[in-house]
Colleague: 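Dropping a structure here in structure tokens format, bear with me for questions.
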Amino acid sequence: MATAGTALGAATPASAADTEAAPTTPARAARRVATVFARHSTEAGGNWQAYVSVADPAGAPVVAVAADADRRIEAYSVNKIAVATAVLDKVDRGLLTLDQRVDVTAAIVVPGGDGIFSLDGAYPSSVTLGHVLANLLTVSDDTAVRLCGLVAPAAEINTILVGKGFPNTQVEPVANPNRFFLGTSTPRETHDLLRALVGGTLLSPTSTAYLLGLLRSPVAFTDGIRRTMSSDERARIATKAGWFADARHEAGVIFDRSGAAVLTYALFADGQADPDNFGATHPAVQARAAMGPKFLTAVDRIAGTGAAYRTATRRPSNGG
């Protein structure tokens, strides 16, 4: 089991970080996060590869968890963040626009895949690229991956990601150059990609705010880290999950109350029991649901770093 490649403070005696309601320094917060990760990943069993850090206004982020963090593994739908990054990079360079349209044909729909497009039942249709990305990153639409491939072929996506410093975060090309499997990453690279995103060095400010807005939206993944939280607490977390075969992954960012990034996590897990269960009761998903509120509490009195990303207040509508 790869739970504790390094889990900062996980094997140390009880300290202020373990007993105070909310730690008051980044180092203490990181120790709390390490303890929480070690406990719940061990309870879930199986294999865990993870990298988690807590922001420190005084310097570099404090590493809380580094468990087999450089292993290159199948990232599954977590890599949809990387795909969206490549597409938005082309938007930033003026090669694409969010309002340009792509055709949804019966041939491009993934039969029975996760998401919305496979439920339409009426093709062809035409949607904007913005609609594609919204479905890609919220309900994790599988057909949206193929639609992204129409405007950003696999080889181009990989070249863009290498150019941004992520050689292990790559999609897997197939015979059709416009299609691909979602490919690989490492916990550290996924973490670092998210840090670059919130740090403003990955995309333009407009594309950064757009991507984070999707990952923080109420309709984004709620079975894991965000499950047992209020709507306001969920809005403080940008997250993307990935599930396939026996793997259950999740990666994202927790923001402080001002909207600055304070904790970044990449949690990859496989080999747990019940591999055919893709619901909220899978052991790894339950473990992340237990970690989420405790991670939030651990950093609740810690200031984030970098730009503040605020979200617009969303209210349910009754139509009309």
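What you are looking at is a predicted structure, and each value in this text was computed from that prediction instead of being measured.
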Colleague: Between the main-chain N or O of Pro23 and the side-chain N or O of Arg28, is there a donor-acceptor pair closer than 3.5 Å?
Modeller: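 Absent.
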
Colleague: Are Phe181 and Phe244 packed together at the side-chain level, in the sense that at least one heavy-atom pair is separated by less than 4.5 angstrom?
Modeller: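 Contact flag for Phe181/Phe244 side chains = no.
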
Colleague: Check residues 312-320 and write down every donor-acceptor pair under 3.5 Å in which the side-chain atom is one partner and the other belongs to a residue at least two apart or another chain.
Modeller:
residue: Ser317; atom: OG; partner: Gly319; partner atom: N; Å: 3.0

Colleague: With a 4.5 Å limit on heavy-atom distance, are the side chains of Asn168 and Ser185 in contact?
Modeller: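 SC-SC contact between Asn168 and Ser185 ruled out.
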
Colleague: Less than 4.5 Å apart, side chain to side chain, heavy atoms only: is that true for His282 and Trp243?
Modeller: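 No, every pair of side-chain atoms sits at 4.5 Å or beyond.
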
Colleague: Which heavy-atom pair separates Thr222 from Arg234 by the least distance, and what is that distance?
Modeller: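 Smallest interatomic distance, heavy atoms only, reads CG2-NH1, 3.7 Å.
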
Colleague: With a 3.5 Å cut-off and no angle check, do the side chains of Asp92 and Ser207 form a donor-acceptor pair?
Modeller: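 Yes - a donor-acceptor pair under 3.5 Å links their side chains.
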
Colleague: Atom CZ in Arg226, atom CD in Glu233: separation rounded to 0.5 Å?
Modeller: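 So the gap between those two atoms works out to 11.5 Å.
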
Colleague: Taking a hydrophobic cluster as the set of Ile, Leu, Val, Met, Phe, Trp and Tyr residues connected by side-chain heavy atoms closer than 4.5 Å, whether directly or through intermediates, do Val78 and Leu136 fall within one such cluster?
Modeller: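 Val78 does not cluster with Leu136.
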
Colleague: Side chains of Lys164 and Thr201: donor-acceptor distance under 3.5 Å anywhere?
Modeller: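 No - no donor-acceptor pair under 3.5 Å links their side chains.
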
Colleague: With a 3.5 Å distance limit and no angle check, can you tell me whether Arg195 reaches the backbone of Pro61 through a side-chain donor-acceptor pair?
Modeller: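 Looks like no, no N/O pair under 3.5 Å.
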
Colleague: Whether the side chain of Arg301 engages the backbone of Ala298 through a donor-acceptor N/O pair (distance < 3.5 Å, no angle test) should be reported.
Modeller: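 Absent.
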
Colleague: Any side-chain to backbone donor/acceptor pair from Thr297 onto Lys294? Under 3.5 Å, distance only.
Modeller: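 Answer holds: no.
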
Colleague: Please check this pair: side chain of Arg227 against backbone of Ala280, looking for a donor-acceptor N/O pair closer than 3.5 Å.
Modeller: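 Answer holds: yes.
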
Colleague: Return the CD1 to CD distance between Ile73 and Gln49, rounded to the nearest 0.5 Å.
Modeller: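 Between atom CD1 of Ile73 and atom CD of Gln49 there are 4.0 Å.
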
Colleague: Report, one line per pair, each donor and acceptor closer than 3.5 Å where one atom sits in a side chain of residues 105-113; sequence neighbours left out.
Modeller:
residue: Thr105; atom: OG1; partner: Ile108; partner atom: N; Å: 3.4

Colleague: Just by distance, with hydrogens left out, do Tyr51 and Thr190 show a side-chain donor and acceptor under 3.5 Å apart?
Modeller: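 Per modelled atom types, Tyr51 and Thr190 side chains form no pair under 3.5 Å.
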
Colleague: Check whether any side-chain heavy atom of Gln170 sits under 4.5 Å from a side-chain heavy atom of Val162, and report yes or no.
Modeller: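 Yes. Closest side-chain heavy atoms under 4.5 Å.
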
Colleague: In the structure I gave you, are the side-chain heavy atoms of Trp48 and Gln272 within less than 4.5 Å of one another anywhere?
Modeller: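 A side-chain contact exists here, since the closest heavy-atom pair is under 4.5 Å.
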
Colleague: For Leu263 versus Tyr265, what's the shortest heavy-atom pair and its separation?
Modeller: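 Residues Leu263 and Tyr265, closest heavy atoms: CD2-CD2, 3.7 Å.
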
Colleague: Distance to the ring centre below 6.0 angstrom and angle to the axis at most 45 degrees; does that hold for Arg248 and Phe278?
Modeller: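 Verdict for Phe278: a cation-pi partner in Arg248.
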
Colleague: If we ignore hydrogens and angles and just use 3.5 Å, is the side chain of Glu189 paired with the main-chain N or O of Thr169 as donor and acceptor?
Modeller: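 Answer holds: yes.
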
Colleague: Do any N or O atoms from the side chain of Glu156 and from the backbone of Ala154 form a donor-acceptor pair under 3.5 angstrom?
Modeller: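 Checked: no pair found.
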
Colleague: May I ask whether Ile157 and Tyr76 are part of the same hydrophobic cluster, defined by side-chain heavy atoms of I, L, V, M, F, W, Y residues being less than 4.5 angstrom apart, directly or through others?
Modeller: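 No, Ile157 and Tyr76 fall in different hydrophobic clusters.
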
Colleague: I'd like to know if the side chain of Asp68 reaches the main chain of Arg71, judged simply by a donor and an acceptor atom lying under 3.5 Å from each other, with no hydrogens or angles considered.
Modeller: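 Such a contact is absent between Asp68 side chain and Arg71 backbone.
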
Colleague: When rounded to the nearest 0.5 angstrom, what distance separates CD in Gln286 from CG in Asn277?
Modeller: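 Interatomic distance, Gln286 CD to Asn277 CG, rounded to 0.5 Å: 8.5 Å.
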
Colleague: Just so I know, are the side chains of Arg93 and Ile160 near enough to count as touching, which here means a heavy-atom distance under 4.5 Å?
Modeller: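 Yes, at least one pair of side-chain atoms sits under 4.5 Å.
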
Colleague: Between Arg236 and Met229, is any pair of side-chain heavy atoms under 4.5 Å apart?
Modeller: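 No, their side chains stay 4.5 Å or more apart.
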
Colleague: Cluster question for you: counting only ILVMFWY and a side-chain heavy-atom cut-off of under 4.5 Å, with indirect links fine, are Val65 and Ile302 together?
Modeller: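 Same cluster: Val65 reaches Ile302 through Ile, Leu, Val, Met, Phe, Trp or Tyr contacts under 4.5 Å.
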
Colleague: Salt bridge (charged side-chain N to carboxylate O under 4.0 Å, His left out) for Asp300 and Arg257? Distances and angles first, verdict last.
Modeller: CA-CA 8 Å; Asp300 204 40; Arg257 295 178 188 275; 2.8 Å; yes

Colleague: Answer whether the closest heavy-atom distance between the side chains of Asp114 and Val139 falls below 4.5 Å.
Modeller: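 SC-SC contact between Asp114 and Val139 ruled out.
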
Colleague: Indicate, with yes or no, if Leu267 and Val285 share a hydrophobic cluster defined by side-chain heavy-atom contacts under 4.5 Å among Ile, Leu, Val, Met, Phe, Trp and Tyr.
Modeller: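 Different clusters.
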
Colleague: Indicate whether the side chain of Asp232 and that of Ser230 have a donor and an acceptor atom separated by less than 3.5 Å.
Modeller: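 Side-chain D/A pair, Asp232 to Ser230: absent.
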
Colleague: If hydrophobic clusters are built from ILVMFWY residues whose side chains come within less than 4.5 Å, do Leu197 and Leu133 share one?
Modeller: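 Yes, one cluster joins them.
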
Colleague: Holding to ring-ring contact (aromatic ring centres under 6.0 Å, His included), I want the full list of residues that pass it with Phe166, two or more places apart in sequence or in another chain.
Modeller: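 Not a single residue meets the ring-ring contact (aromatic ring centres under 6.0 Å, His included) criterion with Phe166.
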
Colleague: Does the gap between the ring centers of His131 and Phe117 come in under 6.0 Å?
Modeller: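 Ring centres of Phe117 and His131 closer than 6.0 Å.
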
Colleague: Okay, side chain of Asp256, backbone of Gly304: is any donor-acceptor separation there less than 3.5 Å?
Modeller: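 Indeed, once roles are kept as given, a pair shorter than 3.5 Å links the two residues.
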
Colleague: Can any side-chain N or O of Asn79 pair as donor or acceptor with the backbone N or O of Thr184 at less than 3.5 Å?
Modeller: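 Yes; judged by distance alone, with no hydrogens or angles, the pair exists.
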
Colleague: Within this structure, what is the CG-CD1 distance for the pair Leu193 and Ile81, rounded to the nearest 0.5 Å?
Modeller: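 One finds 7.0 Å between CG of Leu193 and CD1 of Ile81.
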
